[in-house]
There are 2 protein chains.
Amino acid sequence: MSPKPASRSTRRTRRPQHATIRDVARAVGASISTVSAALNGTDYVSAAMRAKIEAAVQQLQYRPNDLARGLRLRRTHTLAIVVPDLSNSFYAEIVRGMKDYTAAANYTVLVGDSRERWAEEKLFLEMLHRRRVDGVVRVPAGDGNASQAAQVLGTIPVVYADRYPEADHPVAAWVGVDNARAAMDATQYLISLGHRRIAIISGPTTTRTAAERLEGYQRALRGIGAMHKEYIRNGELDMAGGARQAIELLTQAKPPTAIFCANNTMTLGALEAIQQLGRACPREISLLGFDDFAWSTLLRPRLTMVRQPAREIGMTAGRMLIDTIEERTRNRATQTLPTQLMVRDSCAPPLRP
Amino acid sequence: MSPKPASRSTRRTRRPQHATIRDVARAVGASISTVSAALNGTDYVSAAMRAKIEAAVQQLQYRPNDLARGLRLRRTHTLAIVVPDLSNSFYAEIVRGMKDYTAAANYTVLVGDSRERWAEEKLFLEMLHRRRVDGVVRVPAGDGNASQAAQVLGTIPVVYADRYPEADHPVAAWVGVDNARAAMDATQYLISLGHRRIAIISGPTTTRTAAERLEGYQRALRGIGAMHKEYIRNGELDMAGGARQAIELLTQAKPPTAIFCANNTMTLGALEAIQQLGRACPREISLLGFDDFAWSTLLRPRLTMVRQPAREIGMTAGRMLIDTIEERTRNRATQTLPTQLMVRDSCAPPLRP
DNA sequence: GCGGGCAGCCAAAACGATTCGAGCTTGAGT
DNA sequence: ACTCAAGCTCGAATCGTTTTGGCTGCCCGC
């Protein structure tokens, strides 16, 4: 007897919280159905009533509860993107592109950073499932784990960007660049400068993009019969890895005259190593990188790099995702965007060719 | 007559969707209350039943719907942070710090980028309100707009980080550094090198942090009677602004021998301008910046900068927010963290003092 | 033999929105 | 005069959870 009214009264006196649609209805003496209809324009509402409702909304600072809304509609108007490293401006730019595109379609996007670890990505994906996001774009960590990701996400649609997983799982949608082609072009540029001893610092070849870049490099060198195993290195994808491999390359008996790095952070590492060893770039050693970044023109020398259209990749991924969510699916489920070789100061003809 | 069964059947045949707690209950022949109790450990459940439930959860790939959960609990376990520029690694690092700290307490955080515009920030805050986040940390755009932000957010707790708004609104919680002190120390370092003609490129003085940095600079120069109005500039906070002001400073009749930039992007702009004008840094002109960033050691010269503990700022903001949400409020509602002068290569004694 | 506490389970009422169907007026068409 | 549609409004069901209070046995101590 006593506990019941007690709990009642405590509930009554809880802090005022947010206004609900019911409060608005009460304020104008209407039903909540009418208020809902007025706010969403889904049914007839008299002009007078509409005005009163809008006034009350203003006065009460009413804002619909998206939790309730999403629960009822089974749609949250929320997307997500997970990238391997947010502090890498290449991925940050992909995220921005996606945000910009999807904001126009009134979606909000959650962004996650897997730090190249599947375990972290999995945690994030599980969170997304619990929140019932409408779709996610993955720049997967490590080797993809596509089937495990699909398992975690259930029926939530996925688009892959930049990287894509091994063939263990058929991937419905993907957007990125032709890595083999881009790497081949870049290598051929070095060849055209007169280089013959060209090294590559590639990413782990378990990732398909790294494998393709290596492939493109090899194709170009095989063309002129100048491929040498000792010039092929696999680094971790970070700066330290790039630096370590560059040092090993440059301190061997017959060092290369040019180094091609398969992503942007490793390029920075290589540059650091070159400076540390006191070699002159580009006079003694040419450096060519992948994945341009915004402030690359501030470095001395300014780095020559293969630019991926990061922003466009993000925007396209967002578009593809929304298209499949809203079921105006395009059948072109895979998009290849063009790269661009940004020629700057870090490559020059070799001293003795 | 015909429409009703039709709609029924279409609803039946809708895509299978996600498993619910009801599905789990049905699968093990229990009630949903029991399943809930088992999963949350909130009530007695026999070991046998618990095992069956866990098996079913596994088998059905059941994951609780956080929308429903948040609706019922009136708590979403979600925080948010909004910063003026995500591509600035200083803010990115604050975000990381906050994420790391709050992840340990099982919160997830939404991150927003206002691009220095209150209008964009407002949109984001409104979205946060609709989603009923539990709290938000602001690194406010522009002049703060604290009272407007409070209006938009209603009863949702706010913590300010780095910047804080004008006194138009009492701010409950803030974490940052002593800007005046840091700027004064930096300026005094330049003085100690022998500089007397020291310029500052400050941010818009409507923001309080910019005003304080300017104040610290002035205090140091007034101490030796070396303050000159023509050496005081206000830039936009971006690279272009820094470059423009630096060019104006360096091309005047009696140029300064040292420039102090009040944030990191303007420092980059100034560096670019210096290189463009063909001046040697640090031999002809010394450059000192604010807000260190990760790759500043890659630039030549390596920049001497005032380092703010970005990561710690983010972590502290997260802690303060969680503390007020979970109502174990500490009364120390404002935290000042120490800065550090990172002496590198961009400052040297002036040619002719 | 009986009151009472405990272990284990459940039905029902929230949480805050949308939507379906139906009710009630009016005005126009026949 | 009767029907029908359009305009406006509302009640109730629903989305998937948590939580409260109650119910049932059962064992324990007296």
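Per chain, numbering begins at 1; letters A, B, ... match sequence-line order.
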Pairing residues for [X] by the ring pair (Phe, Tyr, Trp, His ring centres under 6.0 Å) criterion, not counting sequence neighbours:
X: A:W174; result: A:Y164
X: A:Y107; result: A:H77
X: A:Y101; result: none

**Report entry** Minimum-distance nucleotide (side-chain atoms of A:T20 versus C:dT18, C:dA13, C:dG16)
**Finding:**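 Selected nucleotide: C:dG16.
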**Report entry** Residues forming a side chain to side chain contact (heavy atoms under 4.5 Å, CB included) with A:A173, sequence neighbours excluded
**Finding:**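 If we apply the side chain to side chain contact (heavy atoms under 4.5 Å, CB included) test to A:A173, skipping adjacent residues, the hits are A:V159, A:M320.
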Requested in this report: With sequence neighbours excluded, tell me which residues meet side chain to side chain contact (heavy atoms under 4.5 Å, CB included) with B:T20.
Outcome: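 Counting only residues at least two positions away or on another chain, B:T20 forms a side chain to side chain contact (heavy atoms under 4.5 Å, CB included) with B:R22, B:D23.
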Would you mind reading off the distance between [X] atom [atom1] and [N] atom [atom2], rounded to a whole angstrom?
X: A:L71; N: D:dT17; atom1: CG; atom2: P; value: 9 Å
X: A:H18; N: C:dC15; atom1: NE2; atom2: P; value: 14 Å
X: B:N65; N: D:dT18; atom1: CG; atom2: C1'; value: 13 Å
X: A:R22; N: C:dC15; atom1: CZ; atom2: P; value: 7 Å
X: A:R72; N: D:dA12; atom1: CZ; atom2: C1'; value: 11 Å
X: B:H77; N: D:dT17; atom1: NE2; atom2: P; value: 17 Å
X: B:I21; N: C:dC10; atom1: CD1; atom2: C1'; value: 13 Å
X: A:D66; N: C:dA17; atom1: CG; atom2: C1'; value: 10 Å

Requested in this report: Any salt bridge (charged side-chain N to carboxylate O under 4.0 Å, His left out) involving residues 56-67 of chain B? Give me the pairs, sequence neighbours left out, ordered by first then second residue.
Outcome: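 Residue pairs with at least one partner in residues 56-67 of chain B: A:E126-B:R63, A:R130-B:D66.
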**Report entry** Inter- and intrachain pairs under salt bridge (charged side-chain N to carboxylate O under 4.0 Å, His left out), touching residues 96-110 of chain A, at least two apart
**Finding:**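 For residues 96-110 of chain A: A:R96-B:D85, A:R96-B:D113, A:D100-A:R311, A:D100-B:R115.
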**Report entry** Sequence-distant partners of B:R50, salt bridge (Lys or Arg N to Asp or Glu O under 4.0 Å), two or more places apart
**Finding:**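 In terms of salt bridge (Lys or Arg N to Asp or Glu O under 4.0 Å), with neighbours along the sequence ignored, B:R50 is linked to no residue.
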Query raised in the report: What residues in residues 37-52 of chain B put a non-hydrogen atom under 4.0 Å from any atom of DNA chain C?
Result: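 B:D43, B:Y44, B:V45, B:S46, B:M49, in order of number.
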Requested in this report: May I ask you to list the residues of residues 24-36 of chain A, by number, that have any heavy atom positioned under 4.0 Å from an atom of DNA chain C?
Outcome: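 Nucleic-acid contacts, sorted: A:I32, A:S33, A:S36.
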Requested in this report: Kindly state each residue pair satisfying ring-ring contact (aromatic ring centres under 6.0 Å, His included) with at least one member in residues 115-152 of chain B, sequence neighbours excluded.
Outcome: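 Those involving residues 115-152 of chain B are A:H18-B:H129.
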**Report entry** side-chain contact (heavy atoms from CB on, under 4.5 Å) between B:T108 and A:R131, intermediate numbers included
**Finding:** CA-CA 11 Å; B:T108 54; A:R131 285 180 190 249; 2.7 Å; yes
Requested in this report: Output yes when at least one side-chain N/O atom of B:R74 is less than 4.0 Å from OP1 or OP2 of C:dG16, else no.
Outcome: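 Answer yes for this pair, as a side-chain N or O of B:R74 is under 4.0 Å from OP1 or OP2.
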Report task. Could you tell me whether the phosphate oxygens of D:dT18, OP1 or OP2, come under 4.0 Å of any side-chain nitrogen or oxygen in B:R69? Result ->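 It does, given that an N or O in the side chain of B:R69 lies less than 4.0 Å from OP1 or OP2 of D:dT18.
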Query raised in the report: Is a side-chain donor or acceptor of A:R138 paired with a backbone partner of A:R163 at a separation under 3.5 angstrom?
Result: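 Checking the backbone N and O of A:R163 against the side chain of A:R138, no donor-acceptor pair under 3.5 Å is found.
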Report task. Take the C1' atoms of the five end pairs on each side of the helix from C:dG1-D:dC30 to C:dT30-D:dA1, get both axes, and report the angle to 10 degrees. Result ->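 Angle reported: 60°, given to the nearest ten degrees.
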